[in-house]
Amino acid sequence: MAWYDESIFYHIYPLGLCGAPKQNPYSGVEHRLMTLIPWLDHIKDMGFNALYIGPLFESVGHGYETTDYRKLDSRLGDNQDLTNFVKACHDREIKVVLDGVFNHTGRDFFAFKDLLQNRENSHYKDWYCNVNFYGNNEYNDGFSYDNWGGYNLLVKLNQWNPEVKDYICDTIRFWVSEFDIDGIRLDAADVLDFDFMKTLRSVANSVKPDFWLMGEVIHGEYSRWVNAETLHSVTNYHLHKALYSGHNDHNYFEIAHTVKRLNDMAGGALTNFKLYNFVDNHDVERIYTKLNNKEHYFPVHILLYTLPGIPSVYYGSEFAIEGHKEQGSDDSLRPHLELSTLDQTGKYATFIKKLGNVRRSCKALSHGDYREILLTNRQYAFARTYEDEICITIVNNDDSEAKLYINRQGRDSYESLLMNYEFQIENDNIVITLPPNSGEILVSKR
């Protein structure tokens, strides 16, 4: 059993949370990363045992236009700061996963700067894709090249070049030896070459026991990426969409159908298909902003913590902060926050902490199978079983209370884990009345 099988992730976009300048002035080191140490105590207290943080390495602006893969962004500190930060996480039994931005580099990366200077004579001209010395671009480079997303600021690396492969593999080894990280989230994994990812998986298998590779994948059949040869996990955008739209539309059929589709992708073994589940992140609007009915925050997060997969909460969303894209900018999704000004005992943070306690106490939520046992547009219940334990999740997205009859799954007694709502066992059913926009988690052990 690997550490990530029972992980609950907290996600930080560090340049935003630390209040770093939007553009790197390259004017010296500012030790902002260490200001996040109090956040680690908050993360631990909330029940999280894993941290995905990134991007971290030297870049021009938002962090994904890397200029040095082996140097902490000077707006955040120096390499010793990152070593100390990871150690502080480990001291609190928090695993650390960071961004691996290996599809493209920034224009200030050493290989591209050499290409700018030496053009056809550059040793690094084959480090990038489709360099055309008869072309040009908005920078007036006198040549053109493939990029990511139409942005020439992000120059596409040639993943088929053995030197590029060796450089990236050595970078991963450096990150483990220097910083002692526990895994990598591969940025833009949906456009990475599969053989390249297999090479990275081989390195991951060798650098550290249970070193985790998770990829950013938005569309497609996730089993193409999640398998024994490629990645351990990918971002579960299918479920992300279903969780908010299934509540906005009062349509639990959408969520249940998505789970069935994911099970089909996994070849009927969804329990072993450990996808990275989330309701918001640094690229999409905050869940509290997206929900038409803000009270749906509660059933949404109950499902996040109890459906098959690995749950993740994006920094600040445990306080139900707002965040929406404005004129195409992601700035409001990546805010600077002061922990001392946030309500750590408010109803939202308290609820997320409760869910963390439930997740840790119920092994079935990390390892159990999945069986749908009740489904309407506005009510949904499913059971997860692991060894001698059955855990039942029940949610209600209606503005009215709902009296529900849930099959008791052959067990004579259950205990409430979340809200302590009253229920009875009548014949073959659990009879429970859920308040509006709420949910409950019940457990039975032999």
*With the threshold set at 4.0 Å, does a side-chain nitrogen-carboxylate oxygen contact exist between Arg70 and Glu178?*
no

*Test: Lys208 and Asp180 ion pair at under 4.0 Å*: yes

*asked:* Whether Arg371 engages the ring of Phe382 as a cation-pi pair (distance to the six-membered ring centre under 6.0 angstrom, angle to the ring normal within 45°) should be assessed.
replied: no

_salt bridge (Lys or Arg N to Asp or Glu O under 4.0 Å) partners of residues 289-316, not counting sequence neighbours, each pair once_ = Glu295-Lys347

_Walk me through whether Glu318 and His42 qualify under side chain to side chain donor-acceptor pair (under 3.5 Å)._
CA-CA 11 Å; Glu318 72 272 32; His42 165 70; 2.7 Å; yes

*Polar side-chain atom of Arg286 near backbone of His324 as donor-acceptor pair, under 3.5 Å*: no

*asked:* In terms of relative ring orientation, are Phe196 and Phe102 parallel, tilted or perpendicular, with 30° and 60° separating the classes?
replied: perpendicular

*asked:* Just checking Trp175 against Phe57, ring centres under 6.0 Å apart?
replied: yes

*Are Asn49 and Ser7 linked by a side-chain donor-acceptor pair shorter than 3.5 Å?*
no

_Is it the case that the side chain of Asn137 and the backbone of Asp141 share a donor-acceptor pair, with hydrogens and angles ignored and the cut-off at 3.5 Å?_
yes

*asked:* Do Asn205 and Phe211 have side chains that approach each other closer than 4.5 Å (heavy atoms only, starting at C-beta)?
replied: no

*Can you find a side-chain donor-acceptor pair between Ser122 and Asp114 that sits under 3.5 Å?*
yes

*asked:* For the backbone of Asn152 and the side chain of Tyr145, can you confirm whether one donor and one acceptor N or O come within less than 3.5 Å of each other?
replied: yes

_Do Ile441 and Ile302 have side chains that approach each other closer than 4.5 Å (heavy atoms only, starting at C-beta)?_
yes

*For Phe48, which of Tyr315, Tyr314, Tyr10 qualifies under ring-ring contact (aromatic ring centres under 6.0 Å, His included)?*
Tyr10

*Taking only residues at least two apart or on different chains, which pairs with a member in residues 45-55 satisfy salt bridge (Lys or Arg N to Asp or Glu O under 4.0 Å)?*
Asp45-Lys353

*asked:* In this structure, is the centre-to-centre distance between the rings of Tyr244 and His296 below 6.0 Å?
replied: no

*After noting the C-alpha distance and the side-chain angles of Asn24 and Ser59, does the key distance pass the side-chain contact (heavy atoms from CB on, under 4.5 Å) rule?*
CA-CA 7 Å; Asn24 195 335; Ser59 69; 5.5 Å; no

*Between Asp210 and Lys95, is the closest basic N to carboxylate O distance under 4.0 Å?*
no

*Would you mind checking if Lys325 and Asp330 are paired as a salt bridge, meaning a charged N to carboxylate O distance below 4.0 Å?*
yes

*Classify the ring geometry between His282 and Tyr13 as parallel (under 30°), tilted (30 to 60°) or perpendicular (over 60°).*
parallel

*Can you sort out the partners of Asn158 under side chain to side chain donor-acceptor pair (under 3.5 Å), two or more places apart, ordered by chain and number?*
none

_Residue among Tyr128, Tyr69, Tyr124 satisfying ring-ring contact (aromatic ring centres under 6.0 Å, His included) with Phe109_ = Tyr69

*asked:* Parallel, tilted or perpendicular: which one describes the rings of Tyr237 and His240, with boundaries at 30° and 60°?
replied: perpendicular

*asked:* For Phe278 together with His11, are the ring centres under 6.0 Å from each other?
replied: no

_Quick one, Tyr380 with Val259, criterion side-chain contact (heavy atoms from CB on, under 4.5 Å). Give me CA distance, side-chain angles, the key distance, then yes/no._
CA-CA 12 Å; Tyr380 176 33; Val259 175; 4.0 Å; yes

*asked:* Taking Lys363 first and then Glu387, would you say they form a salt bridge - that is, a charged N and a carboxylate O separated by under 4.0 Å?
replied: no

_Between Asp264 and Arg261 (salt bridge meaning N to carboxylate O under 4.0 Å), is one present in this structure?_
no

*So does Arg32 pair up with Asp81, basic N to acidic O under 4.0 Å?*
no

*Below 4.0 angstrom, N of the basic side chain to O of the carboxylate: do Asp41 and Arg92 qualify?*
yes

*asked:* Quick check: Tyr167 with Trp127 (ring centres under 6.0 Å apart)?
replied: yes

*State whether the number of non-hydrogen atoms from other residues, nucleotides or ligands found under 6.0 Å of Glu93 atom CD is greater than 12.*
no

*Look at the rings of Tyr222 and His238 and say which category their plane angle falls in: under 30° parallel, 30 to 60° tilted, over 60° perpendicular.*
tilted

_Flag for Asp182-Tyr4: side-chain donor and acceptor within less than 3.5 Å_ = no

*Taking the six-membered ring where the residue is Trp, are the ring centres of Trp225 and Phe194 under 6.0 Å apart?*
yes

*Keeping the roles fixed (side chain from Thr271, backbone from Gly368), state whether a donor-acceptor pair exists under 3.5 Å.*
yes

*Taking atom NZ of Lys113 as the centre, does the number of heavy atoms from other residues, nucleotides or ligands within less than 6.0 Å exceed 12?*
no

*asked:* Looking at Ser332 and Gly323, would you say the former's side chain and the latter's main chain have a donor-acceptor pair under 3.5 Å?
replied: no

*Would you say His90 has more than 12 foreign heavy atoms packed within less than 6.0 Å of its NE2?*
yes

*In terms of side-chain geometry, is the basic nitrogen of Asp146 or Lys156 positioned less than 4.0 Å from the acidic oxygen of its partner?*
no

*Is any NZ, NE, NH1 or NH2 atom of the basic residue among Glu372 and Lys260 found under 4.0 Å from an Asp or Glu carboxylate oxygen of the other?*
yes

*Between Lys71 and Glu58, is the closest basic N to carboxylate O distance under 4.0 Å?*
yes

